[in-house]
Amino acid sequence: MDVVLQTSNQPLAHRIVLYFNDKSLNVFPREGCGDEAVELGPFTNKVGPALALIRNVTLPQETFVEWLRGSFLFRYVDRLYWLDPDAPPVTTPEQVAAAVVREVTNGATLRDALPLDIQLEPRENSHVLSVVQVDMDRLRYSLTPQNLNYRQSTHKAGRLADSCSTAVYKLQEALHVVGISTTEIGTAIDLGAAPGAWTSYLAKQARQVISVDPAELSQDVTALSNVVHIKTKAEDAVEKIQQLAMDDSGADLVVCDMNQHPFQAVDTIKCILPVLKRGGWVVWTLKFFGVGRDRDAKLHSVQEKLMASVGGVKFVWLMANTLSERTLVGRKEGLD
């Protein structure tokens, strides 16, 4: 089967395609989840039908739906449309209706033609007919049992129940897709931490979190016993950070969600790197100007500035990022 994932806007559909095509990231199941993903159009960088088509999915539909409901993608996928690859090509809705009738009877009305177990009831229906325009002159369709119909609630969850900001989803997603386990973190450093969503998330498993920001943190965050708030700019906190991280011989993770252009923030990141252990991770939200898709030149410039200290750099456009953000993940050089 082919499956179409519908999101709320075109940039999210684009990011689903990027995720699918990057096999180094931990997003889609390794087996049975199709062999190609494309955006359906016509579309521009910002406007389009917000549909991502995955071809040749061999996972059972129940398994695919179960995986999606347990994935971070569930927050961004509004609908699923299963498409039968063997269905005859059609170009109009009337042809779809006629084709469905032909599959089950010879010449009866649609109501009389459908199997007895299919109920034409909009509120308690037994099946869903999905129809998707895959190109300018062709429709694809499939008749799917209601229990396999995926439809996201219109009332999506906001921030995590114990978080002071939805920004936590960026960190949660970044750690997941590159496979960073927070259970192995002794000391973590959170730069530009206020109001403290990232700090709070890391504090659940890290031995200590050093939270750096001139602004105040949420009272719930400062009350955590393993959180130390250094209320100053990161570049002025290096000596204090070194003292606090000494018990763990340095930090295992540096994260940064500062509201600062990357060409400025990179100098702050570099001044903290001596505290990071060799092999330690850097997770950094890059906040550019504008909303264009192509950031390659600017990302390359950032990578060049970090090249001597951070290796294995990967730039990811997270589902939780804004249009102007990208996320950098890398490790301090020196790990075998």
Out of [options], which one pairs with [X] under the side-chain contact (heavy atoms from CB on, under 4.5 Å) rule?
X	options	result
Y150	R79, R69, Q61	R69
F315	V329, T327, L286, D296	L286
I272	V212, I210, I241	I241

Does one side chain, of [X] or [Y], offer a donor that lies under 3.5 Å from an acceptor on the other?
X	Y	value
D248	T187	yes
E39	Q10	yes
T199	D190	yes
E325	T285	no

Checking [X] side chain against [Y] main chain: does a donor-acceptor pair fall under 3.5 Å?
X	Y	result
N149	Q146	no
D252	G280	no
N21	V17	yes
Q95	T91	yes
R30	K23	yes
Q208	I189	no

Subject >> Near-ring test W198/Y201, centroid separation under 6.0 angstrom >> reply: no
Original post:
Between Y19 and W317, is the gap from one ring center to the other below 6.0 Å?
Top reply: no
Original post:
Is the charged tip of R75 near the ring of Y169: under 6.0 Å from the six-membered ring centre and within 45° of its axis?
Top reply: yes
Original post:
Between CD of Q6 and CG of L53, what distance do you get to the nearest 0.5 Å?
Top reply: 13.0 Å
**OP:** Mind checking the OG-CG spacing from S200 to D220? Nearest 0.5 Å is all I need.
**Re:** 8.0 Å
Heavy-atom neighbours of [X] [atom1] exceed 12 at 6.0 Å:
X	atom1	value
D35	CG	yes
E304	CD	yes
Q264	CD	yes

**OP:** Enumerate the residue pairs fulfilling salt bridge (Lys or Arg N to Asp or Glu O under 4.0 Å) with a member in residues 47-64, sequence neighbours excluded, ordered by first and then second residue.
**Re:** E36-R55
Original post:
So H261 and F288, would you call those rings parallel, tilted or perpendicular, with 30° and 60° as cut-offs?
Top reply: perpendicular
Original post:
Under a 4.0 Å N-O cut-off, is there an ion pair linking K287 with D257?
Top reply: yes
Original post:
Is a salt bridge present between D267 and K305, judged by a nitrogen-to-oxygen distance below 4.0 Å?
Top reply: no
Original post:
Which pairs count as side-chain hydrogen bond (donor to acceptor under 3.5 Å, both in side chains) when at least one residue sits in residues 222-243, sequence neighbours excluded?
Top reply: E216-K231
